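The structure appears below as structure tokens.
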Amino acid sequence: MQKCNRCSKEAKVFLAYGPHSFCKMHFLEFFEKRVRKTINKFRLVKPGERIAVGVSGGKDSITTLHLLKKIFPKGTEIHAVCIDEGIKGYRDKALKIAEQHFEELDVDYTILKMKKELGFSMAEIAKKLNERKHLQGTQGTCSYCGVFRRKMLNDFAFKEKFDKLATGHNLDDEVQTILMNVLQNDLAKFSRLGPIAAGESKLFVPRIKPLYETPEKEIIAFSQYNGWKVYNAECCPFSRQAKRNAFRKAMDEIEGKYPNVKYSAISFYQGIKPFLKDFGKESKIRACKSCGMPSSGFECASCIQLKKLSN
Ligand code: SF4
Ligand code: ZN
């Protein structure tokens with residue numbers, strides 16, 4: 001029997017990058033401590049701030065919400081915000097689960113409907129893209145969905161005067177994005193990564209990632225050990241994340257052979273981040289001519305995409 005590193009109980013969780021072996025209780029403690037450390041190290045939350053948390057009902061955002069609520073029991077307002085893309089049999093189920101967590105945690109929440117806010121549901125957009133294949137691009141529905149969701153979350157947080165917008169992005173998401181930006185030669189996007197993304201413009205509400213240093217597999221274990229009901233994000237019928245999935249697979253294979261490479265990747269990124277601050281500055285942030293929200297061009301990505309769909 002392999003023992004826990006912290007007590008004499010049998011170890012249940014083995015983390016090759018440490019290496020660490022933990023019993024259930026000490027794994028939960030280790031996990032929470034690391035999230036607290038991430039928040040403190042990168043100064044993600046300041047006392048008294050109002051935080052909007054983007055919640056999808058999946059394991060990452062549910063874990064983020066529970067931990068923020070636990071770490072900041074008072075003095076910091078935590079408000080959940082969900083996007084209902086209008087995908088029947090998917091988001092409606094996820095939102096039901098999310099609402100159970102809001103009740104349990106006594107958290108106020110807002111559900112924004114894509115159809116109401118932007119005029120289209122994702123089901124309608126998927127149908128349009130199917131009919132007009134040239135509008136699909138490489139990521140199809142997901143690239144539209146991602147742009148619209150980001151806009152809706154930022155617009156909400158800005159209008160409701162939240163200080164930060166927290167998301168459930170984890171270590172694996174971040175490493176995949178670093179690698180994708182490098183291999184797609186996208187220096188502007190690459191320069192904006194990290195645990196806190198604050199645009200030059202006041203129109204951007206800074207986005208924070210409390211799970212920035214937390215591996216995805218551990219979030220699955222953490223939510224299971226806590227007995228939380230979460231929704232599996234892979235069930236979306238329009239998922240076209242083929243490219244991201246390829247990067248995920250590659251990183252998992254390398255991490256399996258050489259534990260710790262994911263942490264090395266974000267440490268490397270932190271090391272070069274100070275030298276990246278001028279990249280992308282030439283694309284000055286201004287108010288979009290159609291919706292007034294932040295944009296690097298005269299019109300924001302969301303308004304451009306909405307026009308394409310309306311024509
Ligand atoms: Fe949107 Fe794609 Fe996620 Fe489905 S899988 S919710 S279409 S981003
Ligand atoms: Zn716009």
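Quick note: residue numbers are just sequence positions, from 1. Worth knowing before you read on, the calculation uses all heavy atoms, side chains too, and leaves out hydrogens, waters and symmetry mates. The structure displayed is predicted, hence computed values, not measured ones. We count ligands from 1, going down the list as the structure has it; atoms in each ligand are counted the same way.
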_Close-contact set for ligand 1 against R149 heavy atoms, below 4.0 Å_ = 6 (S), 8 (S)
*Under the side chain to side chain contact (heavy atoms under 4.5 Å, CB included) rule, what do E213 and F42 come out as? Steps first, then yes or no, please.*
CA-CA 11 Å; E213 298 178 294; F42 298 108; 4.0 Å; yes
*asked:* On a heavy-atom basis, I'd like to know which of Y90, F148, Y144 is closest to atom 6 (S) of ligand 1.
replied: Y90
*Heavy-atom distance to atom 8 (S) of ligand 1: which of C145, S239, A94 wins?*
C145
So, does [X] use its side chain to make a donor-acceptor pair with the main chain of [Y] at under 3.5 Å?
X: D92; Y: K88; result: no
X: E255; Y: V261; result: yes
X: S239; Y: C236; result: no

_Heavy atom of the protein closest to atom 4 (Fe) of ligand 1 (residue, atom name, distance)_ = C236 SG, 2.3 Å
*Identify the protein heavy atom lying closest to atom 2 (Fe) of ligand 1, giving its residue, its atom name and the separation to 0.1 Å.*
C142 SG, 2.3 Å
*Inspect the contact between K33 and E29 and indicate whether a charged nitrogen and a carboxylate oxygen are less than 4.0 angstrom apart.*
no
